[in-house]
Amino acid sequence: MNYINCKNNLPPEFLRKAIVFWCENSIQHIESFLSAIKSSSAVLEDEFLQEIKEIDLIFKSIYAEYSSEKSNLPSRPAILFKTNTRFIALLERIKLEAVSGYPILQQSVYHYIFEQNYINAIFGISVPQNSPIITVKFAPFYSNNCVFNQIYFWSVIGAMHPSLLLNNNDFATAINGYSKEYLRDTANSFNAICFSLSQMGKTNKKELTKIFNSFRQLNSSFLSFLISARSGSPKVFASTVKPTLSNSFYKGVGHMINEHKLVSELCDGIAETIN
């Protein structure tokens, strides 16, 4: 499986950009999690806090190095995948040992675990047998497995994002009834795509193309909603006055926007492959 366009070969420059994107994404996951811990009554033990700060520094170091456009950097840096696997293992511990009594935090940790596993998967890095593996398996028995797996994975993430938004009490209180209904419908629609894919006994290109087109349209619609939410659009909120929401919330929305923009690029690549 490749980073974005499901083609067999990608130039080193493309892979470098992928590394930059996913390092930045991982850094944002850490920032969001630490911010959520501070705003809750949850306590993160010193052992966990120290470990996550060390991991954060490594991701930032890799990000800085690969942002420099050096031509002699490895296209699949071992340090990235080693650090990412370390981060996944830490999140698995935190999920059970630190935030099990906090459903919103636990949901966020599950979300991070899914995405961090995705990093290793798209670069073709095998997961050690004794390490937690991603729940959504990248099924190798589909001839169009890259297309199938990308749609499946991002539909899972797409279903999580509306739920994470609605779990923010300030946001959920400020938005209008239409927006609440839209977010619930969007989560259900992404889940429906997952279900449709899971019912396919074998890859049927015609059926896969139909599901892909629905997925692409849904992602585009949700991306537009996220952009409107960040701008304080009256289409989203109950009042015409832009609501006062935390900086961490807007950072979270920006993070989702970046991911769904990535999915839009992914869809452009898939369209060339599947049509």
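Just so it is clear, the model here is predicted, and its values are computed rather than measured. Just so you know, residue 1 is the first one in the sequence shown, and it goes up from there. All values below were derived from every heavy atom in this structure, side-chain atoms included, with hydrogens, water molecules and symmetry-related copies excluded.
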Is there a donor-acceptor pair closer than 3.5 Å between any side-chain N or O of N219 and the backbone N or O of F215?
no
Please tell me whether S26 and N84 have a donor and an acceptor in their side chains that are separated by less than 3.5 angstrom.
no
Are P77 and I19 close enough that some pair of their side-chain heavy atoms sits under 4.5 Å apart?
yes
Surrounding CD of E54 (heavy atoms of other residues, nucleotides or ligands, distance under 6.0 Å), is the total greater than 12?
yes
Contacts of D268 meeting side-chain contact (heavy atoms from CB on, under 4.5 Å) (sequence neighbours excluded), chain-then-number -> R216
Hey, quick one: are I104 and L96 part of the same hydrophobic cluster, counting side-chain heavy atoms closer than 4.5 Å, chains of contacts allowed?
no
State, with a plain yes or no, whether a side-chain heavy atom of N258 is found less than 4.5 Å away from one of N25.
no
Can I27 be reached from L49 by stepping across I, L, V, M, F, W or Y side chains whose heavy atoms are under 4.5 Å apart?
yes
Determine which pairs satisfy salt bridge (charged side-chain N to carboxylate O under 4.0 Å, His left out) with at least one residue from residues 155-181, sequence neighbours left out, and list them in order.
none
4.5 Å side-chain heavy-atom contact, S100 and Q106
yes
Do I227 and L223 have side chains that get closer than 4.5 Å, going by heavy atoms?
yes
Considering only distance and modelled atom types, tabulate donor-acceptor pairs under 3.5 Å from the side chains of residues 153-165, sequence neighbours left out.
residue, atom, partner, partner atom, Å
W154, NE1, Y118, OH, 3.1
S155, OG, I151, O, 2.8
H161, ND1, H260, NE2, 2.8
H161, NE2, H111, NE2, 3.3
H161, NE2, E259, OE1, 3.3
S163, OG, Q107, NE2, 2.7

Connected via hydrophobic side-chain network under 4.5 Å: I119 and I79:
yes
Are C267 and F212 close enough, and set up right, to give a side-chain contact (heavy atoms from CB on, under 4.5 Å), and what steps lead you there?
CA-CA 8 Å; C267 286; F212 163 70; 3.9 Å; yes
Could you please spell out the steps behind the side-chain contact (heavy atoms from CB on, under 4.5 Å) verdict for Y152 and C194?
CA-CA 6 Å; Y152 204 137; C194 290; 4.0 Å; yes
Please list every donor-acceptor pair under 3.5 Å in which a side-chain atom of residues 57-67 meets a protein atom from a residue at least two apart or in another chain.
residue, atom, partner, partner atom, Å
K60, NZ, D56, OD2, 3.0
Y66, OH, P74, O, 2.5
S67, OG, Y63, O, 2.6

Any Lys/Arg nitrogen of E45 or R93 sitting under 4.0 Å from an Asp/Glu carboxylate oxygen of the other?
no
List the residues meeting ring pair (Phe, Tyr, Trp, His ring centres under 6.0 Å) with F237, not counting sequence neighbours, and say none if there are none.
F171
From CA spacing to verdict: side-chain contact (heavy atoms from CB on, under 4.5 Å), I30, L34
CA-CA 6 Å; I30 292 172; L34 293 178; 4.0 Å; yes
Would you check if I211 and F148 make a side-chain contact, meaning some heavy-atom pair closer than 4.5 Å?
no
When rounded to the nearest 0.5 Å, the distance separating CD of Q28 from SG of C23 is 11.5 Å
List the residues meeting ring pair (Phe, Tyr, Trp, His ring centres under 6.0 Å) with Y182, not counting sequence neighbours, and say none if there are none.
F225
In a check of side-chain contact (heavy atoms from CB on, under 4.5 Å) between L90 and each of T85, I52, V109, which one passes?
I52
Are there over 12 heavy-atom neighbours, none belonging to Y178, within less than 6.0 Å of that residue's OH?
no
State the CD1-NE2 distance between I113 and H29, to the nearest 0.5 angstrom.
11.0 Å
To the nearest 0.5 Å, what is the distance between CD (E51) and CG (D46)?
13.0 Å
Below 4.5 Å, heavy atoms only, C-beta onward: do I257 and K261 meet side chain to side chain?
yes
Spell out, yes or no, whether I37 and Y110 are grouped together once hydrophobic residues are joined by side-chain heavy atoms under 4.5 Å, including indirect joins.
no
Verdict with supporting geometry, S32 and K251, side-chain contact (heavy atoms from CB on, under 4.5 Å):
CA-CA 8 Å; S32 297; K251 282 184 179 180; 5.7 Å; no
Can you tell me if S231 and S233 form a side-chain donor-acceptor pair at under 3.5 Å?
no
Can you find a pair of side-chain heavy atoms, one from T83 and one from F87, that are under 4.5 Å apart?
no
May I ask you to test the E97-F48 pair for a side-chain heavy-atom distance under 4.5 Å?
yes
